[in-house]
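Notes follow the structure.
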Amino acid sequence: MMWLLIAPCVLHAAADQAFEVRLMHGDDPRWADPAFDDRDWPVIALDQHPARSGPYWVRIRFTLDGSSVPAVDFRGRYPQMTSGGPVDSIFISTVYSWELYWDGHPLARSGRVGDSQETEMPGPLDHLIRLSPEHLQPGEHVVAVRMSSHHYNFAADRFFTAMRFVNYASRAKTEARAVLFPVAGAAGAALMGIISAVLYAALERRRALLLCAGLCATLTVFYLLIALRWLTDHPYHWHAPRLATIALLTGVIAVLLPWLLLEWFGLRRKWAWFMVLLPLLIAGWYSDVFFENRALWMTRATLGVSLVIALTAAVRRQAGAWAAVAGMAAGLVVMRSSGRVFLDPTYFLVLGGLVLLVFATLGWQIQAERRRVQQMRLTAARLEIEILRKHLQPHFLMNTLTTLMEVIEQDPKTAVTLIEALAGECRILARVSGETLIPLAEELELCRAHLRIMSLRKGVTADFDVIAVDETVRVPPALFHTLVENGLTHLRPRDGRLRFTLQQERDGAWVRFTLRAEGERQRQPRNGTEPREGTGLRYVKARLEESFPGRWQFDSGPMDAGWQTVIAWRETEGRTA
């Protein structure tokens with residue numbers, strides 16, 4: 001929880017000799033004197049410093065022999081040999097206020113030691129203090145630290161202390177390297193987030209892009225909070241809220257990453273995946289009092305669930321799924337051995353690499369789909385011209401005009417109705433032919449105008465009924481008009497009547513239309529399909545792909561009384577499963 005670090009110094013003691021730390025509550029200036037007899041002080045372990053207490057003193061007695069040997073790291077009760085350069089400094093990182101005395105002389109301080117929160121002033125978290133050659137003379141030395149921890153705000157009632165003597169240049173390089181990864185991660189995440197947001201706003205209203213932007217924004221704040229320790233001299237009582245916020249952001253990332261994969265691969269029943277993930281994240285949060293370990297377990301949980309999601313997508317042969325499988329598996333291997341998730345550079349590399357992989361694949365996917373949509377638009381435009389040419393060809397006009405001449409002689413009022421219907425259909429076709437999507441109300445008006453013309457021409461009654469439709473829903477132009485025209489071509493009236501019925505249903509983000517054409521089929525199915533896919537059906541599918549790329553369904557087949565066509569599309573971004 002709390003670190004007091006000091007490093008490469010030479011101890012005369014052997015590597016397996018116990019390293020004693022003695023602590024006494026109270027406050028007496030004589031306790032800084034190296035000659036003071038502290039043998040009756042209790043010996044404590046390095047994780048037994050009291051929290052929310054003080055003033056109290058800690059004394060450490062050691063011997064330097066003056067030789068240039070590797071440094072000794074005091075992380076536990078027993079010193080361990082580590083490599084290092086010549087000792088010329090002390091590095092101290094603490095979550096308490098302190099005054100340090102070297103052989104009875106004041107060396108440095110952090111904040112102001114006090115007997116309450118009001119009198120104590122929290123100091124900066126990190127300190128690098130140079131030592132003079134006189135401090136490192138061979139012989140016995142005593143480090144005495146007067147301290148208080150009234151602003152300590154971690155959950156545990158005790159905190160861990162470690163001490164390290166260091167080489168100044170080596171420690172400075174360590175500090176520079178420590179800030180390098182989070183700053184680079186913040187810059188990269190911010191750039192990817194901005195690009196994702198711009199793509200979402202300007203080009204592709206796809207939920208996966210919005211989630212990618214949110215994930216990158218969270219990562220940016222996450223990395224900046226990591227870097228905050230080395231970029232600012234913030235007081236020690238900021239440390240716990242900062243770590244707690246970082247751990248919470250890790251939880252947010254642990255939710256956004258699999259959610260992004262679910263959207264990316266278009267998997268349904270997302271709630272089922274989250275019912276598996278959320279208990280694992282809750283268990284990870286309560287697995288340890290240390291925020292670093294909480295974040296580590298939550299990251300392992302989300303990588304495990306994300307790996308299963310990627311494997312599911314790979315089984316379904318989704319594009320980019322195997323790359324995601326490799327990335328998640330590699331991340332799990334690295335996170336299995338990582339212990340200090342906030343400080344380990346592998347964490348930044350794994351998480352940043354995974355987000356970059358998803359972002360790059362999404363970009364490639366969008367580019368491929370935009371090329372496909374562009375091709376579909378060209379196809380739709382060509383077919384639209386073909387539909388208009390077919391509809392306005394001389395055969396259609398001549399038949400209609402011939403019927404009109406006959407009707408004028410027999411029933412002038414009906415002739416006026418036919419003229420109005422023909423003009424109305426042409427007017428609507430001219431208005432909507434250049435649009436990508438139009439309100440369903442206009443599409444229904446076009447269908448009814450066409451049926452009025454054909455009813456008068458063929459001398460039949462052609463009805464068009466709707467059931468539970470929302471006329472504000474936007475549909476591709478001439479979509480149902482083309483299907484109605486197919487029905488008129490391939491069905492004969494039954495008892496002098498043709499009946500078309502359009503019904504709408506909703507299933508979440510999916511809109512489903514069922515068009516039933518009731519009449520006598522003119523011929524038996526050919527090779528199991530009727531009608532054969534011609535210009536009209538190709539136009540319908542091209543229009544659907546143009547408006548709802550990769551997220552539409554089309555099914556058509558015979559029914560007892562005629563023919564039924566079912567068209568569905570997903571209004572929000574995603575892929576069909």
Side-chain angles (χ1 to χ4, degrees), residues 1 3 153-156 178-190 192-193 196 211-231 234 238-262 273-274 276-310 324 327-359:
M1 292 267 190
W3 300 85
N153 49 8
F154 286 91
V179 76
L180 176 64
F181 282 101
V183 168
M192 287 190 291
S196 298
L211 287 171
C212 190
L215 177 58
C216 290
T218 307
L219 277 172
T220 301
V221 178
F222 172 89
Y223 287 136
L224 288 176
L225 284 175
I226 295 289
L228 184 66
R229 174 171 179 173
W230 292 279
L231 295 176
H234 60 272
W238 288 15
H239 194 46
R242 171 179 158 273
L243 292 183
T245 304
I246 291 173
L248 286 172
L249 289 175
T250 305
V252 175
I253 293 168
V255 172
L256 290 177
L257 180 60
W259 191 0
L260 174 58
L261 292 178
L262 290 171
W273 292 98
F274 285 115
V276 174
L277 175 64
L278 292 179
L280 294 176
L281 296 182
I282 293 172
W285 180 264
Y286 290 102
S287 63
D288 204 298
V289 295
F290 291 98
F291 291 119
E292 293 94 333
N293 291 336
R294 293 181 183 185
L296 180 61
W297 281 109
M298 287 191 293
T299 302
R300 288 170 175 168
T302 195
L303 288 177
V305 173
S306 298
L307 176 60
V308 178
I309 292 173
M328 301 304 162
L332 271 176
V333 171
V334 173
M335 289 295 107
R336 179 179 177 83
S337 58
S338 178
R340 296 177 64 197
V341 65
F342 290 167
L343 304 181
D344 194 336
T346 56
Y347 182 79
F348 305 113
L349 294 175
V350 168
L351 200 56
L354 289 176
V355 175
L356 181 60
L357 169 68
V358 174
F359 176 78

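Once rounded to the nearest 0.5 Å, the distance linking CD1 of Ile282 with CE of Met298 reads 11.0 Å. Of the inter-residue distances, the one linking Leu231 atom CG with Ile226 atom CD1 reads 11.5 Å to the nearest 0.5 angstrom. A distance of 11.5 Å separates CZ in Arg294 from OG1 in Thr250, rounded to the nearest 0.5 Å. Put simply, CG on Leu277 and CD1 on Ile309 are 7.5 Å apart, with the number rounded to the nearest 0.5 Å. In this structure, the separation between OG1 on Thr220 and CG on Leu224 is 6.5 Å, given to the nearest 0.5 Å.
Within a 6.0 Å radius of CH2 in Trp297, no more than 12 heavy atoms belonging to other residues, nucleotides or ligands are found.
Across Ala227 and Val183, no two heavy atoms sit closer than the pair CB-CG2, 3.9 Å. Across all non-hydrogen atoms, the minimal contact from Ala189 to Cys216 is O-CB, 3.2 Å. Nearest heavy atoms, Arg229 versus Arg242: CB-NH2, 3.4 Å. Closest approach of Asn153 and Pro241 over heavy atoms only: ND2-CD, 3.6 Å. Of all non-hydrogen atoms in Ala329 and Leu307, the two that sit nearest each other are N-CD1, 4.1 Å. Across all non-hydrogen atoms, the minimal contact from Ala240 to Phe291 is O-CE1, 4.0 Å.
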_Verdict with reasoning, Thr302 to Ile253, per side-chain contact (heavy atoms from CB on, under 4.5 Å)_ = CA-CA 9 Å; Thr302 195; Ile253 293 168; over 6 Å; no

*Give the C-alpha distance, both sets of side-chain angles, the deciding distance and a yes or no for side-chain contact (heavy atoms from CB on, under 4.5 Å) between Leu261 and Met328.*
CA-CA 11 Å; Leu261 292 178; Met328 301 304 162; 3.6 Å; yes

_Run Ile246 and Phe222 through side-chain contact (heavy atoms from CB on, under 4.5 Å) and show every step you take._
CA-CA 6 Å; Ile246 291 173; Phe222 172 89; 3.4 Å; yes

*Should Trp273 and Val308 be marked as a side-chain contact (heavy atoms from CB on, under 4.5 Å) after you check the CA-CA gap, both sets of side-chain angles, and the distance that decides it?*
CA-CA 10 Å; Trp273 292 98; Val308 178; 3.7 Å; yes

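Phe274 and Trp259 have perpendicular rings, their planes meeting at more than 60° on a 0 to 90° scale where under 30° would count as parallel. Between His239 and Phe154, the ring planes are perpendicular. Angles over 60° get that label, and only those under 30° would be called parallel.
The side-chain contact (heavy atoms from CB on, under 4.5 Å) with Leu257 is formed by just one residue from the set Leu211, Thr299, Leu215; it is Leu215.
Inter-residue side-chain proximity for Glu292 and Leu296 is flagged as unmet; no heavy-atom pair is nearer than 4.5 Å.
Without hydrogens or angle criteria, Ser287 side chain to Gly284 main chain gives a donor-acceptor distance under 3.5 Å.
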